[in-house]
Every structure is written in C-alpha cells, then in structure tokens.
Protein chains: 2
Amino acid sequence: MNVDDTIETRVLSAADALFYQYGVQSVGMDRIRDASGVSLKKIYQCFPSKGALVEAYLRRRDRWARTALEERVADHTDPESRVLAVFDWLYDWVDGPDFHGCAFINAFGELGAGSQGVVEAVREHKSAVRTFLRGLAFETGATDPDWLASQLSVLLDGAMSNASISDSPAPARHARSAARTLLHDAAVAADAPAESAAGPEEPPAGHEEPAAGPREPASTAPGG
Amino acid sequence: MNVDDTIETRVLSAADALFYQYGVQSVGMDRIRDASGVSLKKIYQCFPSKGALVEAYLRRRDRWARTALEERVADHTDPESRVLAVFDWLYDWVDGPDFHGCAFINAFGELGAGSQGVVEAVREHKSAVRTFLRGLAFETGATDPDWLASQLSVLLDGAMSNASISDSPAPARHARSAARTLLHDAAVAADAPAESAAGPEEPPAGHEEPAAGPREPASTAPGG
DNA sequence: CGGAATCGAGAACGAGCGTTCTCGCGTCCG
DNA sequence: CGGACGCGAGAACGCTCGTTCTCGATTCCG
C-alpha cells in the first residue's frame with residue numbers, strides 16, 4: 001500500500017506492531033520474519049542485531065509521536081487550546097484499539113538496566129516531548145514554563161500508564177482537566193503574582209520544598 | 001536479622017530485590033537461589049512456579065506500599081496535608097538509591113498481555129491506591145472526590161515513571177505542586193460553585209468532553 | 001545404632017531464542 | 001549456454017532458562 005515499501009520499512013512496521021503489543025523480550029526474530037515476510041538473512045542485513053532493531057523501533061515511535069503531536073497542536077492558535085490539544089490527541093490515541101501504554105516507558109522498564117541504546121532513545125524521546133511542552137507552556141505566558149511543562153509531562157506519562165492498566169481512556173480526560181487547572185493557576189499567578197487564590201501558608205513565588213521526614217523507605221522496603 | 005526469617009520470606013526478599021531492579025524476565029531462578037541461599041528444591045516447594053513467585057512479589061509490594069502510605073498519611077490531620085503527605089512519601093521513595101520505577105507498571109508492561117495473575121495483582125494495587133486517594137480527597141471536601149482521586153493517581157504514576165526515566169526525584173515535586181493546585185481548585189470550586197476563577201468558556205460543573213477530532217491515530221500509527 | 005526421611009548441589013532435560021550456516025533454486029551477465 | 005551470484009526456507013549452534021531428577025551427605029527418631 002505504502003509508496004515507501006522498502007524492506008527496512010516492512011521489517012520496522014512488523015517489529016513495531018509486535019514489540020509494542022507483546023513487549024520486546026517476548027517477541028522473537030522468527031515472529032518478525034513471519035509478520036513481515038522478510039527472511040532472517042535480509043533482516044540481519046538491515047539490522048545487525050535485535051538490539052539495533054529495537055532502537056530503530058523506538059526512534060520510529062519517537063518520530064511518529066512527535067509529528068502527530070505537532071500536527072494536532074498546529075490546528076489551534078489559542079495557547080491554552082494548543083496545550084489541551086496535546087491531551088485531546090492523547091485521548092484519541094489511548095482510546096484506540098491497539099493502545100498498549102507508552103512504548104518508551106514499557107521498553108525502559110523491560111530493558112532499562114542493560115541496554116545503553118534503549119536508555120538513550122527513551123531519554124531523548126521524553127526530553128523532546130518535554131521541550132515541546134515547554135514551548136507550549138511558554139506561549140501561555142505562564143510564570144514558570146519549565147515547571148509547568150514538567151507538570152504536564154507527569155500528567156502525560158501518568159495518563160498513559162493509568163489508561164493502559166485500567167484499559168480505559170478516562171485517565172486522558174483526568175489528565176486533560178488537571179492540565180487545564182494547572183494552566184489557569186499559572187495564568188492567575190502570572191496576572192496577580194502578589195497573592196495566590198487560597199492557602200493560608202503559601203510562599204508567593206517558587207515551589208516549596210517537600211518536608212523530608214525521618215523515614216527511610218529503603219530500610220523498611222521489601223527490596224531492602 | 002528479622003524475626004520473621006522463614007524460608008518463604010528469604011526467597012521473597014531476594015526475588016523482590018532482583019525482580020524490582022532487573023525486571024522479571026531478566027532474573028532466573030538460579031539468581032534467586034544464589035541471592036536467597038535457598039535451594040531450588042525448597043523454592044519450588046514454597047512457590048510452585050516462577051509465575052506464582054512473581055505474583056507473591058507483587059502482592060508483597062502492594063502490602064508494603066499501602067502500609068507505608070497509610071503510616072505516612074497518619075502523621076497529619078489537616079486534609080490537605082494528608083494528601084500532600086502522599087507526595088512527600090513519594091519523594092522520599094523516589095529519591096532513594098534503589099528506586100526503579102513502579103513495580104506494577106513495570107511488571108504490567110513486561111508481562112501484561114500473557115499473565116492473568118499479574119494483571120489482576122496490578123489492577124488490584126492500582127485500584128486500592130486510588131480508593132485510598134479517594135478517601136483523602138473526600139476529606140478535603142472536594143466537589144468530586146472521585147475525579148480528584150483519579151487526577152492524583154495520574155500524577156502519582158506519572159511522577160514515578162518520570163523519576164525513573166530521568167533518574168531524578170524532581171518529578172515528585174512537580175507532582176506535589178500540581179496536586180496542591182488541584183486541591184485548591186477543587187476547594188475553590190466547592191466554596192464558590194457558581195463560577196470558576198478563570199476561563200471565558202467554562203461549564204460550572206462537570207468536566208467537559210474532549211473534542212474528538214477526525215484523526216484516527218491507528219491509521220497513521222507505526223503499528224498500523 | 002539403623003533405617004528412613006530430608007536436604008543441598010548440581011546435572012539433566014526440554015524449550016525458546018539470537019544468530020549463522022547450508023542447501024537447493026532461480027536469475028542475471030558474459 | 002554457463003557459471004557465479006543472490007535469495008528464501010529452514011536446519012544448526014550455542015546459550016539461557018524453568019523445572020525436575022539424581023546422588024551423596026546429614027539428620028532425626030525409635
């Protein structure tokens with residue numbers, strides 16, 4: 001169907017579908033051969049090892065997600081709508097039949113402590129998304145676009161995990177409404193920086209430190 | 001050292017440390033035998049298969065996280081402080097040297113589509129945490145404690161993922177500040193339900209629907 | 001003391017996987 | 001026409017892993 005129907009593309013498409021649905025370690029090269037119709041010999045000519053194929057899979061996902069995000073955001077001009085468009089895109093993706101969580105979070109959890117290339121690809125993707133969010137946050141005139149972008153990034157990842165586990169798109173809505181509240185709060189703080197809306201003990205600027213208690217979870221953790 | 005030093009406990013402790021740090025599929029039973037000092041024969045007497053050991057590991061993590069959360073929250077009486085204590089606990093955990101993300105998200109991503117027991121354990125844990133959050137949200141007098149609890153759950157999971165990937169405890173702070181904003185917003189909405197603080201087009205109650213665009217991500221997705 | 005049960009260490013077994021090699025078969029250039 | 005090359009299908013190899021079996025050694029109870 002596609003004009004770009006090279007061997008590399010066919011292998012990558014099959015690997016993407018299988019890796020994303022079943023996980024990397026559960027999918028063998030023979031399954032990729034069966035799904036792509038490309039012999040093992042040619043697969044290993046394009047990708048010298050399974051690890052290289054995994055990294056190419058992640059880079060492909062990164063390109064896809066970034067362009068999809070940018071296209072979806074480009075439909076809006078209002079800064080708030082542009083931010084919320086991210087979460088609308090998330091909803092549509094999460095609501096689709098073949099959503100299985102964030103491929104990068106999954107790959108990191110599965111192979112994190114053992115594959116340098118995977119760690120790099122995951123970090124690159126997440127930091128690219130956050131950079132993109134930072135630009136959107138800056139457009140809204142938020143007082144601290146970096147902080148707001150980090151919060152939005154937390155919402156994005158959390159919504160993907162929650163949606164995958166609960167098998168429901170509702171977390172995308174929860175994240176969207178939370179994002180809207182954060183946007184309004186940042187805008188309110190930018191309009192009236194002298195005082196926040198509520199809270200009897202509130203430093204006017206900056207984000208206060210967490211009160212680090214004496215507990216050390218590692219000592220009582222099961223992993224200790 | 002521990003009084004409860006049964007064979008089962010020693011096996012579970014070793015399995016917990018290894019599964020959590022390296023992932024389930026990357027750890028073989030021989031490594032658990034070496035780490036626990038319990039022979040394979042006795043391990044298989046306690047746990048009839050590796051899958052059973054994995055499920056016991058997840059249940060143990062569930063008990064640990066729930067009791068740690070409850071203890072930490074019990075130190076506070078103010079409803080807002082009780083909610084924020086959850087994120088302070090998260091910060092301490094995430095900041096520890098042996099934090100490797102959420103064991104349940106990791107296990108689900110790794111084994112999700114293939115192990116019924118794992119899926120059940122993960123869903124039980126996540127729904128238990130959300131029930132706990134719902135109780136805290138109810139105490140704050142929020143208009144929609146269910147919705148607020150879902151938002152907090154998204155923040156929790158997102159902060160764990162972000163912290164694990166970025167290898168930094170900062171996402172816990174981002175989540176905490178976002179949680180505080182959401183709390184204040186919910187309280188404001190409860191105090192003055194007629195009108196929200198900002199936004200020219202705002203339904204006063206309920207959470208609006210996302211504008212589902214004509215795009216279908218599955219068609220342009222790499223997995224399609 | 002004696003036999004029976006238990007135990008730990010490790011071999012064994014079967015399966016799966018990543019990667020490479022073999023072997024026919026078709027194809028293309030001289 | 002002919003030989004060298006490329007190709008796909010699949011076997012083969014080496015490794016790992018989950019699970020079970022073997023085999024001495026130890027221990028426990030009558």
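Proteins come first, then strands; the chains are lettered A, B, ... in the order of their sequence lines, and each starts at number 1.
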Taking 4.0 angstrom as the limit, do Arg66(B) and Asp62(B) come out as a salt bridge?
-> yes
May I have the distance from Arg33(B) (atom CZ) to dT20(D) (atom P), rounded to whole angstrom?
-> 15 Å
Whole angstrom value for the distance that separates P of dT19(D) from CZ of Phe47(B) = 13 Å
Out of dA9(D), dG8(C), dG18(C), whichever nucleotide has its closest atom nearest the side chain of Lys42(B) | dG8(C)
For atom CD1 of Ile32(A) and atom P of dG16(C), their distance in whole Å | 17 Å
dG16(C) C1' sits how many Å from Tyr22(A) OH, rounded?
-> 17 Å
Rounded distance (Å) that lies between atom C1' of dG18(C) and atom CG of Leu40(A) = 9 Å
Rounded to the Å, how far apart are Gln45(A) CD and dC7(D) C1'?
-> 9 Å
Please report, rounded to the nearest Å, how far the P atom of dT16(D) is from the CD atom of Gln25(A).
-> 15 Å
Should the pair Lys126(B)-Asp157(B) be classified as a salt bridge under the 4.0 Å nitrogen-to-oxygen rule?
-> yes
With the side chain defined as heavy atoms from C-beta on, Tyr44(B) is closest, among dC7(D), dT19(D), dT19(C), to dT19(D)
Decide whether a cation-pi geometry holds between Arg61(B) and Phe19(B); the criteria are a distance under 6.0 Å from NZ or CZ to the six-membered ring centre and an angle within 45° of the ring axis.
-> no
Could you state the atom-to-atom distance from CE of Met29(A) to C1' of dT20(C) in whole Å?
-> 12 Å
Lys/Arg N to Asp/Glu carboxylate O, Arg176(A) vs Asp88(A), below 4.0 Å = yes
Are any of Lys50(A)'s side-chain N or O atoms less than 4.0 Å away from OP1 or OP2 of dT19(C)?
-> no
Please tell me which of the listed nucleotides, dG18(D), dA9(D), dT20(C), lies nearest to the side chain of Lys41(A)?
-> dA9(D)
